[in-house]
Structure formats: C-alpha cells, structure tokens
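Some notes on the structure that comes next.
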Amino acid sequence: MRKIKGKGIILLLSSILTLSLLMAGCSSTNEEVLESGENIITIQAYGELDPQVSAQQIIAEKMGYFEEEGLNVENHLMTGPDKNAPLVANGVAEVAFGSVYNNIAVAANNVEVKVLAPLANAGGTQAVVIRDDIELESAKDLESKKIAMTSGAGVLIAIRNMCEELGVDIDKIEFINMQPSDQLAAFTRGDVDAIAIWEPWVGKAVDAGGRVLFSGTEANLPEKQGAVHWIDFYMTVQVTDEFYEEHPEATVKLLKALSKATDFINQNPDQAAEIIAEEINISKEDTKRIMGKNSYSMEFDEQFIEGSNTMAEFMKGMNNIKAVPDFYDYGFPTPLEKVDSSLVTVSQ
C-alpha cells in the first residue's frame, strides 16, 4: 500500500501558531451575580456545524436544558475542527465539542484539557463507497481497485480491520490521496473505483451512483453482511484544566444538561433532527440519515477507552503525533460520575 502520511496535526499546529496572542488573554466565561445572590455563569461553548459533534450542544440550548441547570451557554458553531483547534490550544475555548482525534492531538502537544464524556460514536459514518457498476465476488477483489482517501483519515482503521478479518492484502489496494471534494469528482468521472470517506460525503457519493460497501459498523460485502465493529470514532465534550478548577459545579451542570439532550435525541430522533437541521442549515433528511448512523451515548466505558487508544496508536503510526498520550492524561470521568454513576463503568 502506498504510504499515506496524515496532515491533520500540521493543520492543527499551523492554526495554533497563527492565532493572535491577544486571544490568549481572553476568557470564555463570565459570572453574573443576581439580586438573589445566585451566581450565573455565562459559558462560550465551541462546537461545529455537524450533527455528530454538536447534536447535544444544540439540543441542550434549544430545549432549555442549559438554562434549567442555571447556566447561560452561548454556542459558537464553527465550520470545522481547524477553526476550534487554536482556540482550544490557547485556552480561549474553555468548553469545546469535537472528535477524540482532536482531543488526542492537543493532549499529545501538552495542552491541558479534560475530556469529560463521549457524546456519540460516529463509526457508522466512516465508510467505503464503491461505484454501483462494479461487482465483487469477494472482498479480495478490492486488491485490484483504486480507492481515493484523504491522507491520515480515520476510516483507514476500518479498512485495515476489514482486510484483516476477511483476508484482503491491503498492500495490493491502490490508495490515492485526495481531499473529499476531489474524491467525489474523481468518483463521479469514474477515475477511481471507490472512495473512503465520511458523512455527509457518503450520502453525496451514493447520490452520484455509488453504494456503501462497508462502514465502521455495517458490512455489505459478498461474504460479510450485517453488523461489524471495525472502528470507534467518538465525539466528545472537553474543558480546559483551568475551567474545571475554577468551575467544578458548573462542569457537572453542563454534563447534566448534555445528558438530558442525549435522552431527548434517542427518544425523539425525528424532532431532534429537525431542530439540528435548522440550526446547521442542512436538510432534515440528510441530518436524520447521518444521525441514524451514530450511537448517541455518554457511557464512559472500556470501549470508549479502547477506541481512543486505537485512534491514538493510529495517529502515531501516521506521524500525526510523536507519542501516544496516556488516556487518563486527558480522560476525566469524575464529573460524569456525579451526574450519573451508572454511565462510568471504568476505574482509573
């Protein structure tokens, strides 16, 4: 297989270096004392225009769950993790929503953050889409195929696990490094046989004449059909060490609001999709499709830890980080235990 080197950490570091030093002195929280003597904390929470990363963040605001917990949270939804990375690294984004990939990247660069809880496992949105006119007799037929993929993309973990389980020689697959939009164009032209991608690009590729061959959670291969466990890709909520030290009670309240939002999403998927779609300005149908592939849960369990460590090892192997941080250098379940002890099934 052609060696693919990740560029995610390069983008992260370049964003950090270009951030104005003035922002380092900013704070994302303000405290207001009411006539009753009650302190109301205003939190600037940074997330993404993404139904995976910020679903609970959006629902908690729109359904009033933050307010119920005595918090005034102002959401800032960015176009991607590269916009949030420098804010996290400099402590401006004291509360941030993102993927475990980003958590590991900042922790590996000695940024002091605490990952409070997983919010969703998005393994089902990481997929390989093949052109509909290509028939396979077995997964081994992929050995002669051209697959476009962004260098360092986490979906490669799913591909590796598929190959190992089904006896496919991954070195015989021709991987071509392309960004998502270029992948879709090449796929539509027939220049590549398949693309390894994530949502919403998976849906776009299907609309362009493809079919999902497999994802991190489901296989549609000749010899393998149904549920699989080929990748965990967690979305999380994190705070800076300083924020937690200054506002431990507000941190617990934040998690209580997000727990209510998680329950709402699971109990009212259509209504949740409609609320989120309006906020991030994509169709309800696309939002519902993407959310339907995610598992929304705040369970801080062994699978979350193993999935995070697997991602960290992958990032190191792709030269995205120099060393794998210990999970508990950034994982911090203590506040979640105060919200609901049943959600935390591991001990440090």
Side-chain angles (χ1 to χ4, degrees), residues 28-29 31 38-48 51-75 88 93-100 102-103 107 112-122 232 234-269 272 275-276 291 294-308 327-348:
S28 65
T29 60
E31 198 163 333
E38 181 183 1
N39 290 347
I40 300 295
I41 295 175
T42 298
I43 299 172
Q44 309 298 327
Y46 293 81
E48 298 176 30
Q52 303 166 126
V53 172
S54 291
Q56 286 100 322
Q57 179 185 5
I58 294 167
I59 292 297
E61 179 190 17
K62 297 303 181 183
M63 296 302 297
Y65 298 145
F66 288 137
E67 186 177 359
E68 286 178 7
E69 296 300 330
L71 300 175
N72 181 25
V73 177
E74 297 181 0
N75 283 340
V88 171
E94 293 182 321
V95 176
F97 296 77
S99 76
V100 73
N102 303 323
N103 303 146
E112 295 182 342
V113 296
K114 296 183 183 299
V115 175
L116 303 175
L119 296 175
N121 189 341
D232 291 311
Y234 284 96
M235 306 298 145
T236 70
V237 58
Q238 69 176 29
V239 297
T240 62
D241 282 14
E242 182 179 2
F243 178 89
Y244 179 72
E245 290 166 5
E246 294 181 355
H247 307 291
E249 293 183 5
T251 301
V252 172
K253 291 178 179 180
L254 178 76
L255 290 173
K256 285 181 179 179
L258 295 175
S259 180
K260 293 177 184 178
T262 303
D263 290 341
F264 181 88
I265 289 169
N266 288 320
Q267 295 167 12
N268 308 278
I275 293 169
I276 293 167
M291 292 182 69
N294 296 312
S295 174
Y296 292 92
S297 170
M298 293 176 67
E299 291 184 30
F300 206 117
D301 56 12
E302 194 62 37
Q303 184 175 340
F304 175 48
I305 295 175
E306 290 180 0
S308 300
F327 176 81
Y328 285 106
D329 284 347
Y330 58 93
F332 187 64
T334 301
L336 188 62
E337 288 181 317
K338 297 179 181 180
V339 174
D340 184 349
S341 60
S342 68
L343 291 173
V344 181
T345 58
V346 294
S347 57
Q348 186 171 344

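Start at 1 with the first residue, then count along the sequence. Note that the structure is predicted; figures quoted are calculated from it, not measured.
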- Heavy-atom closest pair, residues Q52 and A120: O-CB, 4.2 Å

- Item | V113 vs N103, side chain to side chain contact (heavy atoms under 4.5 Å, CB included): CA-CA, chis, key distance, verdict | CA-CA 8 Å; V113 296; N103 303 146; 5.7 Å; no

- Task: Please tell me if the side chains of Y328 and V346 come closer than 4.5 Å, counting only heavy atoms from C-beta onward.
- Result: yes

- Between A55 and I265, the two heavy atoms sitting closest are CB-CD1, 3.8 Å

- Message: Taking side-chain hydrogen bond (donor to acceptor under 3.5 Å, both in side chains) as the cut-off, I'd like each qualifying pair that reaches into residues 334-343, sequence neighbours left out, listed once.
- Response: D340-S342

- Query: Is there a donor-acceptor contact under 3.5 Å from the side chain of Q57 to the main chain of A45?
  - Reply: yes

- Task: Give the minimum heavy-atom separation between S259 and V339, together with the two atoms involved.
- Result: CB-CG1, 4.4 Å

- Message: As a quick check of understanding, evaluate side-chain hydrogen bond (donor to acceptor under 3.5 Å, both in side chains) for N121 and S295, giving each step before the final call.
- Response: CA-CA 5 Å; N121 189 341; S295 174; over 6 Å; no

- Task: Please lay out, stage by stage, how M291 and Y296 fare under the test side chain to side chain contact (heavy atoms under 4.5 Å, CB included).
- Result: CA-CA 9 Å; M291 292 182 69; Y296 292 92; 3.3 Å; yes

- Query: Do V100 and V115 come within less than 4.5 Å of each other through their side chains, counting heavy atoms only?
  - Reply: no

- Query: If only atom types and distance count, is the side chain of N268 paired as donor or acceptor with the main-chain N or O of F264 below 3.5 Å?
  - Reply: yes

- Does the separation of the ring centres of F304 and Y234 fall below 6.0 angstrom? yes

- Item | From NE2 (H247) to CD (E94), nearest 0.5 Å | 6.5 Å

- Task: Would you kindly say whether Q303 and D232 are connected by a side-chain donor-acceptor distance under 3.5 Å?
- Result: yes

- Full working for side chain to side chain contact (heavy atoms under 4.5 Å, CB included) between Y46 and V95: CA-CA 6 Å; Y46 293 81; V95 176; over 6 Å; no

- Query: Any luck finding a side-chain donor-acceptor pair between S54 and E48 under 3.5 Å?
  - Reply: no

- So CG of N75 and CD1 of I58: to nearest 0.5 Å the spacing works out to 7.0 Å

- Query: Do the side chains of E74 and T42 get nearer than 4.5 Å, heavy atoms only?
  - Reply: yes

- Item | E68/K256 ion pair, N-O < 4.0 Å | no

- Note on the structure: Rounded to the nearest 0.5 Å, the CD atom of E245 sits from the CD atom of E112 at a distance of 8.0 Å

- Query: What is the distance from atom OG1 of T251 to atom NZ of K253, rounded to the nearest 0.5 Å?
  - Reply: 11.0 Å

- Is there side-chain contact between Y330 and K114, with heavy atoms separated by less than 4.5 Å? no

- Item | Minimum-distance pair of heavy atoms, taken over all atoms of A60 and A261 | N-CB, 3.9 Å

- Message: Does any part of the side chain of L254, heavy atoms only, come nearer than 4.5 Å to the side chain of F66, both counted from C-beta?
- Response: yes

- Output, in order, the C-alpha distance, side-chain angles, deciding distance and verdict of side chain to side chain contact (heavy atoms under 4.5 Å, CB included) for F97 and T236. CA-CA 6 Å; F97 296 77; T236 70; over 6 Å; no

- D301-T345 side chain donor-acceptor pair, cut-off 3.5 Å: no

- Item | side-chain contact (heavy atoms from CB on, under 4.5 Å) partner of L255, chosen from L336, V239, L343 | L336

- Query: How long is the span from the CG atom in L258 to the CG atom in D263, to the nearest 0.5 Å?
  - Reply: 11.0 Å

- Could you tell me whether the side chain of F243 reaches within less than 4.5 Å of the side chain of I43, counting heavy atoms only? yes

- Item | Reported CG-to-CD distance for the pair L119 and Q238, which is rounded to 0.5 angstrom | 11.0 Å

